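Worksheet: the structure to be examined is printed underneath.
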Amino acid sequence: MIEEGDEIPEDSYLIGGANNLLVSPHPPSLMMLSKDFSTITQEANMLTIGAAMPTGRIVSYARKHDIAGFEFCAKLPGTLGGMLAMNAGVKAYEIFNILHSIKINGRWVLAQDIEHGYRFAKLKGIATHARFEVGHGFSQKLLDDLLALRTNQPHEPSAGSAFKNPEGDYAGRLIEAVGLKGRQQGQMQWSPVHANFLVNLGGGTYEDAKSLIDLAKKEVKNKFGITLKEEIKIL
Ligand SMILES: Cc1cc2nc3c(=O)[nH]c(=O)nc-3n(C[C@H](O)[C@H](O)[C@H](O)COP(=O)(O)OP(=O)(O)OC[C@H]3O[C@@H](n4cnc5c(N)ncnc54)[C@H](O)[C@@H]3O)c2cc1C
């Protein structure tokens with residue numbers, strides 16, 4: 001656990017809420033930010049949020065203070081740090097769209113100076129805080145509209161979308177097209193509800209998950225010549 005003022009070990013892998021991870025039986029040594037980094041402060045029109053802050057609490061804060069921009073974070077499980085590293089988002093809404101700067105390894109870096117794109121950002125270090133310029137007007141309607149998009153998501157435990165969508169296509173469509181929607185290995189399954197969700201039916205193992213991932217990559221490559229890229233991080 002990293003606390004405010006600690007030296008950050010360089011040989012360990014930092015996790016946030018672990019919502020986007022597939023952890024093998026032999027992962028690297030793992031570390032987390034402590035609650036010291038679970039803060040929100042507002043000065044004039046600048047909001048500074050600690051990287052350990054859960055996304056749900058950011059949305060609650062935005063609603064309470066009538067701040068625009070964070071509606072898409074509702075039901076997007078994780079911490080701010082995970083969102084920054086993944087450039088997490090829904091449809092056209094991504095965290096980098098509203099980001100001012102990130103404190104990485106103790107130094108503030110402007111968002112525009114950080115290479116980022118669809119579900120990635122090259123932070124090159126540990127994010128401890130981020131700043132956002134405050135816009136006025138929380139939209140409950142936008143939040144409700146985005147939540148409605150989640151009705152096709154399975155309810156079993158998963159890490160969200162297993163693969164990134166290839167340009168101009170959908171990973172779920174491709175997995176379904178090669179006949180793997182609903183395919184089960186042990187207690188892991190390509191969800192019959194949404195084929196890009198690898199769900200754990202209870203007691204699924206890393207090996208089961210990895211074999212379904214490898215199978216989907218192989219079949220999609222053979223049939224469509226497309227290389228699926230994992231969105232989830234495999235440790
Ligand atoms: C049901 C479900 C639905 C989901 N829906 C979406 C969705 O709609 N859109 C979407 O984008 N994602 C979605 N996800 C994936 C997940 O919610 C996001 O990737 C989220 O941002 C992960 O946050 P986390 O804190 O759990 O990060 P983790 O899973 O712990 O880590 C993810 C990555 O972030 C890095 N990281 C974490 N904290 C820091 C930090 N402080 N500094 C530097 N690097 C850090 C880790 O090293 C790792 O590489 C979904 C997941 C689930 C389970």
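Every heavy atom of this structure was used, including side-chain atoms; hydrogens, water molecules and symmetry mates were not. Given the structure is predicted, the values throughout are model-derived calculations rather than measurements. The first residue in the sequence is number 1, and the count goes up from there. One-based numbering, in listed order, for ligands and for the atoms of each.
Ligand 1 lies within reach of Tyr13, whose nearest heavy atom is under 4.0 Å from it. Contact analysis puts Arg150 in contact with ligand 1, with a non-hydrogen atom separation below 4.0 angstrom. Under a 4.0 angstrom heavy-atom cut-off, Arg119 registers as being in contact with ligand 1.
Here the heavy atom of the protein found nearest to atom 15 (C) of ligand 1 is Asn20 OD1, 3.4 Å. At the top of the distance list for atom 41 (N) of ligand 1, counting protein heavy atoms only, stands Ala127 O, 2.8 Å.
Ligand 1 has no N or O atom lying under 3.5 Å from any N or O atom of Ile15, backbone or side chain. Distances between N or O atoms of Ser158 and those of ligand 1 include no value under 3.5 Å. Here's the thing with Ala18: one of its N/O atoms is less than 3.5 angstrom from an N/O atom of ligand 1. Not one N or O of Ala85 is nearer than 3.5 Å to an N or O of ligand 1, by distance alone.
Interface atoms of ligand 1 facing Thr79, defined by a heavy-atom separation under 4.0 Å, are 23 (O), 24 (P), 25 (O). Close contacts of ligand 1 with Lys233, meaning ligand atoms under 4.0 Å from a residue heavy atom, involve 49 (O). Of all atoms in ligand 1, listed by their number and element, those nearer than 4.0 Å to a heavy atom of Gly78 are 23 (O), 24 (P), 25 (O), 26 (O).
Of the candidates Pro54, Pro157, Pro77, Ala52, it is Pro77 that places a heavy atom closest to atom 3 (C) of ligand 1. Closest heavy-atom approach to atom 18 (C) of ligand 1 among the candidates Asn105, Asn19, Leu76, Leu149: Leu76. Nearest to atom 7 (C) of ligand 1 by heavy-atom distance, out of Ala51, Gly89, Ala88, Ser161, is Gly89.
You'll find the ring centres of Phe70 and Phe132 inside the 6.0 Å limit.
Smallest separation of non-hydrogen atoms from Ala88 and Phe72: O-CE1, 3.7 Å.
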Discussion item. Evaluate Asp214 against Lys218 for salt bridge (Lys or Arg N to Asp or Glu O under 4.0 Å), listing each step before the verdict.
Written reply: CA-CA 6 Å; Asp214 291 343; Lys218 190 175 106 201; over 6 Å; no

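Between the side chains of Lys221 and Thr227, at least one donor N or O lies within less than 3.5 Å of an accepting N or O.
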